[in-house]
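Computed over heavy atoms, backbone and side chain alike; hydrogens, waters and symmetry mates excluded. FYI, the numbering just counts along the sequence from 1.
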Amino acid sequence: MTSVQVEEQHDGHDGNGAVQAAGGPSGEGEGYQRGLGARQIQMIAIGGAIGTGLFLGAGKAIHKAGPSLILAYAIAGLVIFFIMRALGELLMYRAVSGSFSEYAREFMGPFFGFVTGWTYWLFWVVTGITEVTAAAQYMQYWTHDSFPQWAYALVFTVILYGANLISVKLFGELEFWFSMVKVTAIIGMILICVGILTIGFSDAGDTATVAHLWNQGGFFPNGIGSTLMTLQIVMFAFLAVELVGVTAGESKDPKTVLPKAINTVPWRIAVFYVGALIMILSVVPWTHFQPGVSPFVAAFEKMGLGVGAAIVNFVVLTAALSSCNSGMYSTGRMLRDLALNGQGPKLFTKLTKNGLPLLGTTFSAAFMLVGVWINYQWPGEAFNYVVSFATISGMWAWIMILACQIRYRRKADRGELPQSTFRAPGAPYTSWFALLFIGMVIVMMGVDKDARISLYAAPVWAAILGVTYLVLKSRNPQAAAFNKRKIGADSVSVTKD
């Protein structure tokens with residue numbers, strides 16, 4: 001057994017009285033191995049912004065909003081950039097794994113750290129169940145019920161769990177190649193559409209034109225209200241873009257790699273969302289798309305490229321497995337962060353010799369196995385049973401990132417904390433704008449009867465966390481985990497086995 005002491009200074013100052021970021025800017029002392037290189041971090045950042053929300057969810061959004069969905073993605077993408085730059089400013093102040101709950105604990109108080117950590121953990125557990133369910137459904141495209149759906153869910157869960165127990169580098173490699181498949185597919189689609197528009201090949205060559213963006217009832221064919229109602233679908237598509245923050249404690253060179261990854265957000269969104277939709281809706285009129293049908297599949301069919309459906313099915317399969325893989329990774333780190341701060345079971349602090357949170361990952365994977373049972377009991381409705389909570393719980397992390405960045409900037413400007421080397425442009429005004437935008441999205445979710453169930457689940461989860469927090473605090477009211485303190489006021493003992 002090796003003991004690793006996480007010791008930080010009591011007052012956040014060095015011997016000369018200068019203010020220091022508690023724990024150092026690189027998150028040293030957490031016990032993790034820095035096995036994620038620049039290539040992997042970049043692809044994790046890219047892959048986090050491309051998921052089933054784009055490949056499948058965009059079909060429903062196009063049906064509702066028409067070409068104006070392009071504008072919705074562009075505006076939401078700008079908000080995501082503000083969120084990511086706010087996260088980047090915090091990461092360069094103090095790059096730690098489990099960053100969201102750490103920052104919430106430091107700047108908002110121990111209760112918010114508790115809520116953020118457990119909510120983000122639940123977000124990824126629910127997302128993991130959702131995505132492994134989706135992956136199992138996608139496999140039916142090829143096997144046609146010859147292999148039960150629940151068995152696919154079990155196989156995928158076990159494989160990804162095993163991969164996450166080998167090394168963080170293997171996780172990074174899996175994410176690199178999963179993301180490569182998604183990126184290649186979208187770029188390929190864009191190039192094909194450009195060829196159709198300029199050369200005119202395929203069955204869609206005679207009718208393809210950029211005029212489809214305004215000739216089929218205008219740019220807002222169903223009104224601005226319908227466009228606003230798609231914002232919750234659009235924001236769902238961007239969930240997990242913040243995952244790059246969880247990798248901070250295991251990045252080889254976080255000060256260099258993380259800012260570069262975050263600064264790629266604008267062009268990622270411009271190309272993979274805005275660019276792809278412009279091309280698809282120029283080749284195929286928006287009226288041809290239906291809810292529940294991937295716009296990529298519909299576009300390939302309109303072009304007369306029958307193989308396209310199989311290609312897209314493979315791509316969405318990798319997108320689902322990528323998301324589940326990310327869930328396996330992030331849940332173990334979040335549970336360990338909670339345990340290190342006394343807000344979770346101490347056994348989750350343990351790391352393997354490879355620097356992996358074995359017990360936290362295993363605990364989370366066990367919950368994800370609930371998805372196998374759901375697939376066994378209700379294979380037709382499994383996806384809908386577990387998807388409703390993902391959006392609202394994921395957006396809580398964004399709200400905390402923005403709120404913490406506003407408070408951090410206030411303290412840094414007063415000289416109470418060191419200035420970040422990666423300041424968010426336009427903050428705190430951009431952060432306030434992003435918070436107001438998220439608030440509007442939540443209101444739209446309440447108006448939309450299909451999304452309203454997400455809001456019903458949130459108060460129940462909040463009540464569970466509130467009661468749990470009060471019970472734990474009553475048992476040990478003097479514990480640092482339940483009292484607001486400066487980061488670095490405690491020494492946490494971590495064991496490795």
Who pairs with [X] by side-chain hydrogen bond (donor to acceptor under 3.5 Å, both in side chains), at least two apart in sequence or on another chain?
X	value
Asn325	Asn164, Glu175
Thr362	Tyr161
Trp118	none
Thr157	none

Counting distance only, does the side-chain N/O of [X] pair as donor-acceptor with the main-chain N or O of [Y] below 3.5 Å?
X	Y	value
Ser474	Val471	yes
Glu242	Ile83	no
Thr318	Val315	yes
Ser101	Gly117	no

What residues form a side-chain contact (heavy atoms from CB on, under 4.5 Å) with Ala151, not counting sequence neighbours?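 Applying side-chain contact (heavy atoms from CB on, under 4.5 Å) to Ala151 gives Phe147, Pro148.
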Could you pull out all residues at least two apart from Thr468 that satisfy side-chain contact (heavy atoms from CB on, under 4.5 Å)?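 Result, side-chain contact (heavy atoms from CB on, under 4.5 Å) vs Thr468: Phe114, Ile464, Leu472.
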One pair to check against side-chain contact (heavy atoms from CB on, under 4.5 Å): Met235 and Phe437. What are the steps and the verdict? CA-CA 10 Å; Met235 295 302 276; Phe437 185 87; 3.8 Å; yes
Ring pair (Phe, Tyr, Trp, His ring centres under 6.0 Å) with [X]: which residues, sequence neighbours excluded?
X	result
Tyr408	Tyr93, Phe107
Trp398	none
Phe367	Trp121, Phe363

Evaluate side-chain contact (heavy atoms from CB on, under 4.5 Å) for Met334 paired with Phe100, printing each intermediate quantity in order. CA-CA 9 Å; Met334 198 58 63; Phe100 316 130; 4.1 Å; yes
Please round to the nearest 0.5 Å and tell me the distance separating atom [atom1] of [X] and atom [atom2] of [Y].
X	Y	atom1	atom2	result
Ile442	Trp396	CD1	CH2	9.0 Å
Met328	Leu165	CE	CG	8.5 Å
Met400	Leu90	CE	CG	12.0 Å
Gln140	Gln149	CD	CD	5.5 Å
Ser420	Glu89	OG	CD	5.0 Å
Ile269	Ile80	CD1	CD1	6.5 Å

Show the atom names and distances, to 0.1 Å, of all donor-acceptor pairs under 3.5 Å that link a side chain in residues 423-436 to residues at least two apart or in another chain.
residue: Arg423; atom: NH1; partner: Gln419; partner atom: OE1; Å: 2.4
residue: Thr430; atom: OG1; partner: Pro425; partner atom: O; Å: 3.4
residue: Thr430; atom: OG1; partner: Ala427; partner atom: N; Å: 3.4
residue: Ser431; atom: OG; partner: Gln405; partner atom: OE1; Å: 2.7

Around Tyr469, counting heavy atoms of other residues, nucleotides and ligands shown, do more than 12 lie under 6.0 Å from its OH? yes
Salt bridge (Lys or Arg N to Asp or Glu O under 4.0 Å) pairs touching residues 426-441, sequence neighbours excluded, are none
Are Phe238 and Tyr273 an aromatic pair, judged by ring center distance below 6.0 Å?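 Yes, they do, as the ring centres are separated by less than 6.0 Å.
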Which heavy atom of Thr421 sits nearest to which heavy atom of Met92, and what is that distance?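 The answer is OG1-CB, 3.6 Å.
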Taking salt bridge (charged side-chain N to carboxylate O under 4.0 Å, His left out) as the test, write out the residues that go with Arg414, two or more places apart. Glu416
Indicate whether any N or O donor in one side chain lies under 3.5 Å from an N or O acceptor in the other, for Ser326 and Trp124. no
Working for side-chain contact (heavy atoms from CB on, under 4.5 Å), residues Arg336 and Leu340: CA-CA 6 Å; Arg336 183 167 183 261; Leu340 284 172; 3.9 Å; yes
